[in-house]
Each structure stands twice: as structure tokens, then as C-alpha cells.
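Structure, as C-alpha cells:
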Amino acid sequence: MSSVAQLFKNNPVNHDRIIPLDFTNTKTLPESHVWSTPELEPEPMTRPIPVINISSPEKALLRHACEEWGVFHITDHGVPPSLLHNVECQMKRLFSLPMHRKILAVRSPDESTGYGMVRISMFYDKLMWSEGFSIMDFSLRRHATLLWPDDHAEFCNVMEEYQKEMKDLSHRLVRMVMGSLGLTHKELRWLVPNITGSRTNSSQSFLQLNSYPVCPDPGLAMGLAPHTDSSLLTILYQGNIPGLEIQNLQAEKSRWIGVEPMEGGLVVIMGDLSHIISNGRFKSTMHRAVVNKTHHRVSAAYFSGPPKNLQIGPLTADTDHPPLYRRLTWEEYLAAKATHFNKALTLFRC
Ligand SMILES: O=C(O)CCC(=O)C(=O)O
Ligand SMILES: [Fe+2]
């Protein structure tokens, strides 16, 4: 069992925060899913999110995107469009199953993988208009067999291929974004395991499939509540239905900016660990997902983390910029996040 899976075992979730509503049979928004206006905040504004062509990235542009936005689109990433299409089809296939079938692969309270509400549901009184399916290498075939006893090969093959592509891409991206701070491949060897000469290759990751069904009253519902990701970075595929919003870091008042889907593009979200490694320079931006009345939206979030048991800490600290965070492992960070949620980062301040 991976240390991440073990961690979830130690932080069980309440039963009433696991099984989602049967959305297809719900025609009006139940009180349990009505969010108050201050939580939903005003209409999102639009500002163009940076776009980085990663086949020839400009260092300064990339650094600016990580420092000022913490979120950017990537193009020319090399992930075949046919694979993205297949991932989307398989997600729709899974989430369109009737509830009595999806429930066969439900996550148990101390498990990290399977079907259910997202784990952050336990930090909010109101419930979200979404359902999820979490995958780690060891769990994929077991859960897929429960969903489709005779017909799971295609789902598994697509998700395995996608995870492989995401792993390579995330390693490339970590090297690129940290490289934009002037860190060399040698300095990053311990963090990105497939660089030649690395001592370990056990980086950890997991894939979260999200589904936001058509909602009868989207103005009062929340797809995925505000959070930062605990990863080094997250690669998000969101198809062509809008829904992702990020908090505007430039405005004094918290406002949300819609991250419009880009044809063939993927979105990169900087995680809390990159914020720590960059000594606070890279932002792990707060983001959320909203829902709509006409389209079933799905997204796939690949959370990339460092190798198991690796101690990480600020790499760019020097005498003029003393370290803002103490050293920690991903496991330690996830444990803090599992109990303190959005306040976890401040617990590691020096
Ligand atoms: O569905 C989305 O747009 C956001 C998903 C997300 O933020 C997550 O899974 O952590
Ligand atoms: Fe997220």
C-alpha cells in the first residue's frame, strides 16, 4: 500500500460524506445542496489565463504564470487528442451508470480510492453537486471489475495509458517550472525521479475523475468547493464545458475568474508543495468548480507528488530570502490537510 493510501486509512470520512445524491432522479435542488450567497460570491469576471506552449517554453513567461497566477493552459503537450477523447468517453460511461451500479465500487470510509463524494466534502456543511471516482495504480482493476464484471478492459486500458502519459508530462512540467526559478536538473534530481542518475523512481500520484451532472438550480449549487491542491502540480483535463474558476490573486476582494476550456489544451494548477519548494514564490491558487443547467461536465485531475518519504523544503531560500517553510514529506503534508484543510499550509511556516 502506498503511504498516501495508508494516510487516508488513518483519517476515515463519515459515512454521510461518501455516497452522493442520485442526481438523475433529482429534479429540484434539495436543501442539503443549497449554498448561501456569500459562499457563492458574485458573477465571475473574465481575464485571460496565461497560455504556455511547452514545446518551446519561455522561462520568464512560465515563471510569471506560476508567480502571478498559479494556473495556466498548456499547448503542444504531446498528449494525443484521441486519448483525451477516450478518457472523456470512459468518464461519461462510468458516471452515466445507474446509482445501484456505481455504488458497487463505493469508497469505504478509510479508503482513498473508488466511487463517492470528494473527500473535501467533510469540511463543508452543505453538499456539493458532484460525484467522483479516485484511482491509484493498485485500485483501478479492482474497482472497474466491480462496475463492469465482464467489460472493464477498455476503461482500464484507457485510464492506464492516460496515467502513463500524465506521469511523463508531470515530470517534464516539474522540471520546467522549477527550472524557471534557475534550479538545475542536478538540483531537481531527487524530486523528479526519471532524470538519469536519480536514486529512486517511486513518485506518487493519483487520478481523480470528477462528474458534475446537469443541475436544476446552478446559481445556488456548488460543484466543487474552494480548495488548493496538495500536489506538486495538478494537470486538469476539462473537455469543452466551462466550470473551473480560480480566485483572482490581484484583486483586494475575492473575485473568481472562469478558466475557459481551450481546444486540445490542458490546465496546470500549481499545488501547495510547489509553493513550499519555491519558498512562497509560486502560488497554489484557490479554485473551485461551478455547475450548469444544460451540460453534464466531467474533468480528470492528475495530482503529481514527490517520491515517497522524500523530505522537501524551500529550494530557493538564501541569506536574503530565509526559508518560509520547514521541511516535510508529502505524507506529513497530506495528514495536516486531512485535518486542517485550507489552513494546512500555514502550519508549516517557519
Ligand atoms: O473540475 C474541475 O474543474 C476542478 C477539479 C479540481 O479542482 C480537483 O479535482 O481538485
Ligand atoms: Fe483542485
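Atoms within each ligand, like the ligands themselves, are counted from 1 in listed order.
- Interface atoms of ligand 1 facing Tyr212, defined by a heavy-atom separation under 4.0 Å, are 1 (O), 2 (C), 4 (C), 5 (C).
- Contacts between Val118 and ligand 1, counted as non-hydrogen atom pairs separated by less than 4.0 Å, are absent for every part of the residue.
- Of the protein's non-hydrogen atoms, the one nearest atom 9 (O) of ligand 1 is Asn210 ND2, 3.0 Å.
- Summarising the geometry, atom SG belonging to Cys89 is positioned 8.5 Å from atom CD belonging to Glu154; distances are rounded to the nearest 0.5 Å.
- Note on His287: its N/O/S atom closest to the Fe ion (ligand 2) is NE2.
- Proximity to Asp229 (heavy-atom distance under 4.0 Å) selects the following atoms of ligand 1: 10 (O).
- For atom 8 (C) of ligand 1, the nearest non-hydrogen atom of the protein is Leu224 CD2, 3.7 Å.
- Put simply, part of His287 is less than 4.0 Å from ligand 1, judged by heavy atoms.
- Using a 4.0 Å cut-off to heavy atoms of Ala301, the atoms of ligand 1 that qualify are 9 (O).
- Scanning all heavy atoms of the two residues, the minimum distance from Ile246 to Trp69 falls at CD1-CE3, 3.8 Å.
- Contacts with ligand 1 closer than 4.0 Å are made by no heavy atom of Thr234, backbone or side chain.
- Between Phe133 and Tyr115, the gap from one ring centroid to the other reaches at least 6.0 Å.
- Donor-acceptor pairing under 3.5 Å is lacking for the side chains of Ser139 and Asp137.
- Aromatic ring pairs are classed by plane angle as parallel below 30°, tilted from 30° to 60° and perpendicular above 60°; the pair Phe303 and Phe206 is tilted.
- Of all the N, O or S atoms in Asp229, the one closest to the Fe ion (ligand 2) is OD1.
- Under the 6.0 Å cut-off for aromatic ring centres, Trp129 and Phe23 qualify, their centroids lying closer than that.
- Between Asp272 and Lys337 there is a salt bridge, since at least one side-chain N of the basic residue sits less than 4.0 Å from a carboxylate O of the acidic one.
- At a heavy-atom cutoff of 4.0 Å, ligand 1 is contacted by no atom of Arg288, backbone or side chain.
- Checked against the 6.0 Å centroid threshold, Phe341 and Phe123 count as a close aromatic pair.
- With respect to atom 3 (O) of ligand 1, the closest heavy atom belonging to the protein is Arg297 NH2, 2.8 Å.
- Across all their heavy atoms, Gln238 and Val259 have their closest contact at NE2-O, 3.1 Å.
- Set against the non-hydrogen atoms of Ser299, the atoms of ligand 1 under 4.0 Å away are 1 (O), 2 (C).
- Aromatic pair Tyr325/His275: centroids less than 6.0 angstrom apart.
- Atom 10 (O) of ligand 1 has His227 NE2, 3.1 Å as its closest protein atom, hydrogens excluded (heavy atom only).
- With a heavy-atom cut-off of 4.0 Å, Ile269 does not touch ligand 1 at all.
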